[in-house]
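Residue numbers begin at 1 in each chain, while the letters A, B, ... track the order of the sequences.
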Amino acid sequence: MPELPEIETIKNELSPRITGQCFTDAVILDQKILAGGSVDELRDGLIGRCIETLARRGKYLILHLSGDVSLIMHLRMTGALLLNPSEIDSYARAVLVLGNGCRLVFRDQRRFGLIWLVDDAKTVIGRLGPEPLEQDFTPDLLEQKLSRRHIPVKAALLDQRIVAGIGNMYADESLFAAHIHPLRRASELSAEEVCRLYQCICSILRTAIECKGASVDTYVLPDGEAGTAHCEFKVAHRGGKACAVCGGIIERVPIQNRGSYFCPGCQPLCTDQPSA
DNA sequence: CTTGGGACCTGGCTGC
DNA sequence: TGCAGCCAGGTCCCAA
C-alpha cells in the first residue's frame, strides 16, 4: 500500500525525469479516476501546461504546473505511477503524455485512486495534519493531539488530521518499535511513551524511504522495480509468525476494520508489566 | 464536538 | 473443478 515513504520515493524518482516537461496529451481510460469535472475539462486544463515542481503532502503527490494550477494524485491502495511502461494493460486508468515523449501511466487495480486538477491545492490537502518528517512535527505536538483522542492509538495514527502520511503498515511498525500495544487509548499514553512513539515514527519512515518503499501488494517504483522496505517489517503482514525480538507469535486484531499486527510480548496492553 | 461503522472496488484466498 | 463468500485498506460520508 502506498503510504508516505512510497509516495516520497515516487516523487524523488519522477522529479528529475519529468520536471520542466509540458503535457501534450492526456488519455483518461477510466472516468472514475477523476475526483471532479469531466474528461474534457481535465484535458483542456492540462494540455500545454508545464510541470514546474513535484511535491508530496501526506500520501498525496502534487505536480505544481505553470499558470498556478496543481495536478494532485492519490494512489489509495493499489495505485501505481509508471513511467514509460512496456505495456499498457487493462488496469491503466490514465495516460499522460509529455513533450519529451515520456508517458506517465496511472495504473490501479481497485479503482480507488483519484486525480484532481485544481487552482488551489488546499481544497484537496487542506485538512491534513503535520508532516512527520518536517520540523513543525514535535513530540509536544503529537502529545497534544493524542491527548484529546480517546480512541485506540493505532486508530489515531491512521487519522490524517493528527499526522499525515502514516497508513496501516507504518502505524503497526511504529507501534511495535515503540513497544506500545495498538489498542492502548491515545489519550492514556504517558509523555515518555509519546516521545518514544514520535522517535519511532520518524525512524521507521526515514528507513523506509531509504529502502524506496515497501512492495507488498502492487506498489512498484515508476520504472517497475520493487522497493525493499517490507524486508525490514517486524510485524506488518506477519500474523502467525514468530517475533524476531522475543520469539512470541505475532497476533492480528481488527481496529477500524483494518488488520492490526502486533507482538503481545513486546507490546503489552498493561504498562506495569515490562516486556521481555 | 467525538466516535463508530458502512461504502467504494476487485484480485486472491478459503472452504464446501 | 467450480463457485460463493470473505478479506485487504484510504478516505469520505453519515448516524448516534
Pairs meeting criterion disulfide (SG to SG under 2.5 Å) with involvement of residues 5-60 of chain A, two or more places apart: A:Cys22-A:Cys50

Do any pairs count as a disulfide (SG to SG under 2.5 Å) and have a residue in residues 160-201 of chain A, sequence neighbours left out, and if so which ones? none

For A:Arg49, does the CZ atom sit with more than 12 other heavy atoms under 6.0 Å from it, leaving out its own atoms? yes

Is the count of non-hydrogen atoms from other residues, nucleotides or ligands lying under 6.0 Å from A:Asp68 atom CG greater than 12? no

Can you measure [X] atom [atom1] to [N] atom [atom2] for me and round it to whole angstrom units?
X	N	atom1	atom2	answer
A:Ile255	C:dG10	CD1	C1'	16 Å
A:Asn257	C:dG10	CG	C1'	13 Å
A:Met1	C:dG9	CE	P	6 Å
A:Asp108	C:dG10	CG	C1'	12 Å

Could you grab the distance from atom CZ of A:Arg252 to atom CG of A:Asp172, nearest 0.5 Å is fine? 10.5 Å

How long is the straight-line distance from CZ of A:Phe112 back to CE of A:Met77, given to the nearest 0.5 Å? 4.5 Å

Could you tell me which residues satisfy disulfide (SG to SG under 2.5 Å) with A:Cys202, sequence neighbours excluded, listed by chain and number? none

How does each nucleotide of nucleotides 11-16 of chain C score, in 5' to 3' order, for protein heavy atoms under 4.0 Å: base (B), sugar-phosphate only (S), or none (-)? BS----

Do [Y] and [X] meet the salt-bridge criterion of a basic N to acidic O distance under 4.0 Å?
X	Y	result
A:Arg76	A:Asp108	no
A:Arg43	A:Asp25	yes
A:Glu193	A:Arg184	yes

Any pair counted as ring pair (Phe, Tyr, Trp, His ring centres under 6.0 Å), so long as it reaches residues 30-65 of chain A, sequence neighbours left out: A:Tyr60-A:His74, A:Tyr60-A:Trp116

Can you confirm whether the side chains of A:Tyr170 and A:Glu6 place a donor and an acceptor under 3.5 Å from each other? yes

Shoot me the first and last contacting nucleotide of DNA chain B against chain A, ordered 5' to 3', at under 4.0 angstrom to non-hydrogen atoms. B:dT3 to B:dG11

For A:Arg149, enumerate each residue passing the side chain to side chain donor-acceptor pair (under 3.5 Å) test, keeping only those at least two apart in sequence or located in another chain. A:Asp159

List the residues meeting side chain to side chain donor-acceptor pair (under 3.5 Å) with A:Arg111, not counting sequence neighbours, and say none if there are none. A:Asp30

Using heavy atoms and a sub-4.0 Å distance, could you list which residues of residues 231-243 of chain A are near DNA chain C? By number, please. A:His237

What are the residues of residues 28-37 of chain A, sorted by number, that bring a heavy atom to within less than 4.0 Å of DNA chain C? none

Could you check whether A:Arg161 gets within reach of a base, just the sugar-phosphate, or nothing at all, counting any heavy atom under 4.0 Å? nothing

So for the helix from B:dT2-C:dA16 to B:dC16-C:dG2, with five pairs setting each end axis, what is the inter-axis angle to 10°? 50°

Mind checking what makes salt bridge (charged side-chain N to carboxylate O under 4.0 Å, His left out) contact with A:Arg56, not counting sequence neighbours? A:Glu8, A:Glu131

